[in-house]
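Notes for the one structure printed next.
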Amino acid sequence: MLPCQRHLFDIPEDVAYLNCAYMSPLMRSVVEAGKRGMARAEEFRATAARLLDAPAECVAIVSSASYGIATAALNLPVQKGQRILVLDEQFPSNYYPWQRLAEDRGAALLTVPWPEDGDWTSAVLNHLHDGVAIAAFPNVQWTTGGRLDLVRIGEACRKIGAALVLDLTQSLGALPFSVREVQPDFAVAANYKWLMGPYTTGLLYVAPKWHDGRPLEENWIQRANARDFASLILYTDKYDAGARRFDMGERSNFALLPAATRALKQLLEWGVEEISETAGALNRQLAAGALDLGFSSPPEELRAPHYLCLRRQAGIPEELPEILARKKAFVSVRGSSIRVTPHVYNSANDAERLISCLREIAGP
Ligand SMILES: Cc1ncc(COP(=O)(O)O)c(C=O)c1O
């Protein structure tokens with residue numbers, strides 16, 4: 001038999017609590033762990049808010065970009081005959097939810113075609129007409145590095161009353177962004193790329209006008225009484241304040257969330273502007289070297305500095321993966337282009353290594 005463990009619980013001395021089937025009293029250590037979990041979530045929220053240039057109240061903790069886009073799709077109104085606008089070859093997590101929503105509501109899913117001149121901003125602006133209810137875009141097109149001027153696009157959306165939903169997964173943390181300037185309705189980013197955090201965590205900005213909306217999940221932690229562990233089953237219709245109602249279940253993951261917060265803090269210490277400049281300088285050097293070897297890239301004013309896609313008229317030869325592997329140079333090949341996405345851990349030596357691979361392809 002165990003000796004009485006009452007000292008571990010916060011049970012008043014004059015109470016004989018014999019009601020575990022109704023609800024277990026919580027151990028003091030469990031309450032403390034719970035509070036630490038809450039604090040962990042709030043620390044992530046506040047740090048993410050600084051990167052977004054948004055109030056912490058407007059940030060929800062999510063698992064993925066798709067989770068954030070699904071939340072937006074659940075809440076944004078769109079009627080029969082109206083349009084939802086996306087880019088050609090947009091990343092699937094920011095395409096399928098809109099395809100489904102358009103089907104469900106009898107709306108049309110409209111694609112902004114690939115701009116011949118590489119100017120995605122003008123292409124988008126040309127398609128923002130009355131009848132567009134939702135515009136869902138990235139800041140940086142993921143296969144070309146093409147950059148969208150979200151301040152201008154945001155203005156155009158407000159003019160026609162279209163909601164703006166952003167997938168910032170390929171830009172937040174490496175390209176300056178401000179919610180105050182762009183004024184999106186929803187903006188999401190998965191953490192594991194330019195936010196340098198662990199997989200299965202992400203952040204979602206929700207504009208105040210949608211704070212009364214419906215979360216994807218109905219979990220205990222997003223309800224107004226979540227801080228009082230003793231009253232969790234006194235069910236309440238009220239949610240916690242601001243965008244917290246959109247938090248995913250089990251948001252305070254002990255291993256992942258502190259790691260994600262630490263990564264965001266490091267980005268803020270380095271400065272997003274500085275990260276962009278640093279990656280941009282390396283890419284500029286690479287673009288110049290690659291140009292001499294017969295590769296082309298979108299002009300600097302139309303692409304994001306941290307994102308360089310190199311193309312070659314003759315295409316990418318089959319032996320490229322073997323050459324890259326031999327020289328231990330890591331890039332992605334996407335369709336007919338080589339995607340080069342450096343960060344602050346790269347040096348001129350790394351750039352030279354990649355150029356030497358390209359030189360092998362180009363031949364003598
Ligand atoms: C533009 C973009 N959005 C989102 C994601 C990830 O989406 P999810 O978090 O839904 O897996 C990626 C991954 O490559 C991406 O490139």
Side-chain angles (χ1 to χ4, degrees), residues 44 48 51-52 59-74 84-101 109 111-112 114 120-121 123-124 134-150 153 164-175 177 182 184-206 215-217 246-251 253 256-257 259-260 263-264 276 279 298 303-309 330-335 337-343:
F44 175 82
L51 266 177
L52 286 159
V59 178
I61 303 167
V62 296
S63 53
S64 60
S66 27
Y67 191 107
I69 301 290
T71 301
L74 183 68
I84 301 173
L85 201 58
V86 295
L87 301 188
D88 209 3
E89 296 191 13
Q90 188 148 294
F91 192 79
S93 294
N94 195 15
Y95 177 84
Y96 290 129
W98 305 119
Q99 185 185 42
R100 168 65 59 90
L101 185 67
L109 184 65
T111 300
V112 177
W114 198 279
W120 281 103
T121 304
V124 165
I134 300 168
F137 304 128
N139 200 346
V140 173
Q141 204 276 343
W142 70 299
T143 52
T144 57
R147 178 179 180 163
L148 279 72
D149 183 338
L150 293 179
I153 289 170
L164 178 62
V165 181
L166 299 173
D167 172 10
L168 304 177
T169 301
Q170 288 293 6
S171 56
L172 194 67
L175 187 69
F177 173 83
V182 175
D185 290 80
F186 292 83
V188 70
N191 274 346
Y192 69 99
K193 295 175 186 287
W194 302 94
L195 295 176
M196 299 190 128
Y199 203 62
T200 335
T201 61
L203 52 92
L204 172 67
Y205 166 81
V206 182
L216 270 190
E217 305 171 34
F246 302 106
D247 284 351
M248 64 177 176
E250 302 190 9
R251 68 182 184 197
N253 187 302
L256 299 184
L257 210 59
L264 298 188
S276 177
R303 69 168 176 84
H306 63 288
Y307 218 102
L308 179 68
C309 290
F330 288 78
V331 291
S332 285
V333 177
R334 289 281 177 275
S337 60
I338 302 172
R339 189 178 72 183
V340 189
T341 48
H343 212 285

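When a ligand or atom number is given, it counts from 1 through the structure's own listing order. One is the number of the first residue; the rest follow in order along the sequence. These numbers come from the heavy atoms of this one structure, side chains and all, not from hydrogens, waters or symmetry mates.
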### Side-chain heavy-atom pair Thr201, Asn253 within 4.5 angstrom cut-off
no
### Message
With nothing but distance in play, are any N or O atoms of Ser66 less than 3.5 Å from an N or O of ligand 1?
### Response
yes
### Task
Considering heavy atoms of the protein only, find what lies nearest to atom 16 (O) of ligand 1 and give residue, atom and distance to 0.1 Å.
Gln170 NE2, 2.9 Å
### Query
Can you tell me if Asp247 uses its side chain to pair, donor with acceptor, with the backbone of Ile61 under 3.5 Å?
yes
### Summary
In ligand 1, the atoms that come under 4.0 Å of a heavy atom of Ser93 are 7 (O), 8 (P), 10 (O)
### Query
Any N/O of Trp142 closer than 3.5 Å to an N/O of ligand 1?
no
### Query
With no hydrogens and no angle check, is any side-chain donor or acceptor of Thr169 less than 3.5 Å from a backbone partner on Ala190?
yes
### Message
Against ligand 1, does Tyr192 come closer than 4.0 Å with any heavy atom?
### Response
yes
### Query
Do you know which of Leu166, Leu150, Ile153 makes side chain to side chain contact (heavy atoms under 4.5 Å, CB included) with Pro184?
Leu166
### Task
Say whether Gln90 and ligand 1 are in contact under the criterion: heavy-atom distance to a ligand atom below 4.0 Å.
no
### Query
Taking side chain as C-beta onward, heavy atoms only, is Ile69 less than 4.5 Å from Tyr95?
no
### Message
Are any of the N/O atoms on Ser64, whether in the backbone or the side chain, positioned under 3.5 angstrom from an N/O atom of ligand 1?
### Response
no
#### Entry: Where Thr143 and Cys309 come nearest, the two heavy atoms and their spacing
O-SG, 3.0 Å
### Message
Taking 4.0 Å as the limit for heavy-atom contacts, which would you say applies to Ala65 with ligand 1: side chain only, backbone only, both, or neither?
### Response
both
#### Entry: Where ligand 1 meets Asp167 - atom numbers and elements under 4.0 angstrom, heavy-atom basis
1 (C), 2 (C), 3 (N), 4 (C)
#### Entry: Side-chain (Asp185) to main-chain (Leu164) donor-acceptor, under 3.5 angstrom
yes
### Summary
Any heavy atom of Tyr199 under 4.0 Å from ligand 1? The part involved is neither
### Query
Can you tell me which residue and heavy atom of the protein come closest to atom 5 (C) of ligand 1, and the distance to 0.1 Å?
Phe91 CE2, 3.3 Å
### Message
Is the ring pair Tyr307/Trp194 parallel, tilted or perpendicular, if the boundaries are 30 and 60 degrees?
### Response
tilted
### Query
Identify the closest protein heavy atom to atom 13 (C) of ligand 1: which residue and atom is it, and at what distance?
Lys193 CE, 2.9 Å
### Message
Using a 3.5 Å cut-off on N or O atoms only, is Ala190 in polar contact with ligand 1?
### Response
no
### Query
Can you check whether Phe177 reaches Leu52 side chain to side chain, under 4.5 Å on heavy atoms?
yes
